[in-house]
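Taking it in order: structure first as structure tokens, then the write-up.
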Amino acid sequence: MLNLLNLPPEASTHAAEIDHMISLVHWLMAVMFVGWGIFFVFVLVRFRKGANPRASYAGAKGKISKGTEVAVALIEIILLVGYAIPAWAKRVKELPPEGQAVVVHVVGEQFAWNVHYPGPDGKFGRTDEKLVAADNPLGLDRTDPNAKDDITTINQLNIPVDRPVLVYLSSKDVIHSFGLYEMRVKQDAIPGLQIPVWFIPSVTTDDMRKQLNKPDFDYEITCSQLCGLGHFRMRGFVTVQTAGEYQKWLDDQEKELKASN
Ligand SMILES: [Cu+2]
């Protein structure tokens, strides 16, 4: 089924589980589509006017229809209780401990993704909407001691492979949706709320390029919620790196920040 669905490659530890669920739901839909289709044709023939000049007011008497309805309901309950609810509990309700995870803030706006790293001190600096300007889209208060080393990027999220990444999502204007297809991550970004979403990337960008044999492949952040006229160009990139490469990237950002001060 998954081959037929032609889903993007899997690049997070929970992706296979999500795909398994998608596959099961599609199998159920496929069986029901074919089943109901056959039943529809059967009914057209069986109850044609020529064979039934007078309508029957009693309705169907067979047990098959009730049996199928119960079976479909049971399968749906199994999918919900056995797969969807446990997956939700594990994926959404439980967060990785912040000490182990890479924590970033991502703020959507029309039409870009602002990324905020806490810097070497691990503390996010204060942000204030009054400070928002063209060169400070996050409204970061650089006079705050915690903000001095904070790294910010636009449309570029660098993360290390095989470590939990905990993203706190919010939005400056309208509802956006943070979609990382290869990671099987999708979460709305809502103004006034800070919503956590987490995953463990399992394949670096370089390895994925080799795997797909596409040297210019990049993981993307897609806005998955129609958010305005520029929605189509609200597109960011995710670079999944080895621990060493990621540390080097952070150091480079830090150097750049110091140089600009
Ligand atoms: Cu958007």
Side-chain angles (χ1 to χ4, degrees), residues 5-12 14-15 18-19 21-22 87-88 91-93 95-96 101-118 124-141 147 150-160 164-201 203 205 208 212 214 216-241 249 253:
L5 293 174
N6 197 19
L7 295 175
E10 294 172 350
S12 71
H14 72 277
I18 300 269
D19 286 2
M21 175 86 198
I22 292 175
W88 181 268
R91 291 287 321 135
V92 183
K93 288 284 165 204
L95 297 180
V102 174
V103 185
V104 280
H105 289 178
V106 172
V107 181
E109 70 171 67
Q110 288 170 319
F111 299 96
W113 296 102
N114 297 290
V115 182
H116 182 183
Y117 292 85
F124 287 94
R126 199 177 75 88
T127 55
D128 187 337
E129 70 210 50
K130 291 190 201 83
L131 297 172
V132 171
D135 60 347
N136 186 8
L138 284 159
L140 187 61
D141 179 3
D150 286 16
I151 296 164
T152 61
T153 63
I154 298 174
N155 291 332
Q156 178 62 46
L157 177 64
N158 282 55
I159 46 177
V165 177
L166 176 56
V167 178
Y168 283 95
L169 264 183
S170 58
S171 166
K172 275 160 69 175
D173 35 44
V174 299
I175 297 174
H176 301 278
S177 184
F178 181 72
L180 308 179
Y181 291 136
E182 291 83 3
M183 320 293 169
R184 305 296 188 269
V185 166
K186 193 174 284 177
Q187 171 61 54
D188 278 5
I190 300 172
L193 292 182
Q194 216 176 32
I195 304 173
V197 59
W198 74 279
F199 57 97
I200 303 175
V203 186
T205 300
M208 187 55 86
L212 299 174
K214 284 185 191 159
D216 54 355
F217 171 85
D218 265 313
Y219 297 122
E220 287 185 17
I221 310 173
T222 317
C223 184
S224 310
Q225 191 78 260
L226 185 56
C227 60
L229 281 177
H231 167 68
F232 69 94
R233 64 180 160 85
M234 187 165 171
R235 175 187 184 213
F237 295 95
V238 184
T239 308
V240 180
Q241 298 171 302
W249 179 82
Q253 296 294 310

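Both backbone and side-chain heavy atoms feed into the values below; hydrogens, waters and symmetry mates do not. In listed order, ligands and their atoms are each counted from 1.
Minimum interatomic distance between Gln225 and Ile175 (heavy atoms only, all atoms of both residues): CG-O, 3.8 Å.
The side chain to side chain contact (heavy atoms under 4.5 Å, CB included) test with Lys172 is passed by exactly one of Glu109, Glu129, Gln110: Glu109.
Nearest to the Cu ion (ligand 1), among the N, O or S atoms that His176 has, is ND1.
Here Gln225 does not reach the Cu ion (ligand 1): none of its N/O/S atoms is less than 2.8 Å from the metal.
For the pair Arg235 and Trp113, the cation does not sit on the ring face, since its NZ or CZ is not both under 6.0 Å from the ring centre and inside 45° of the axis.
Between His116 and Phe124, the angle of the ring planes goes over 60°, which puts this pair in the perpendicular group of the 30/60° scheme.
Put simply, the angle at the Cu ion (ligand 1) from SG in Cys223 to SD in Met234 is close to 110°, to the nearest 10°.
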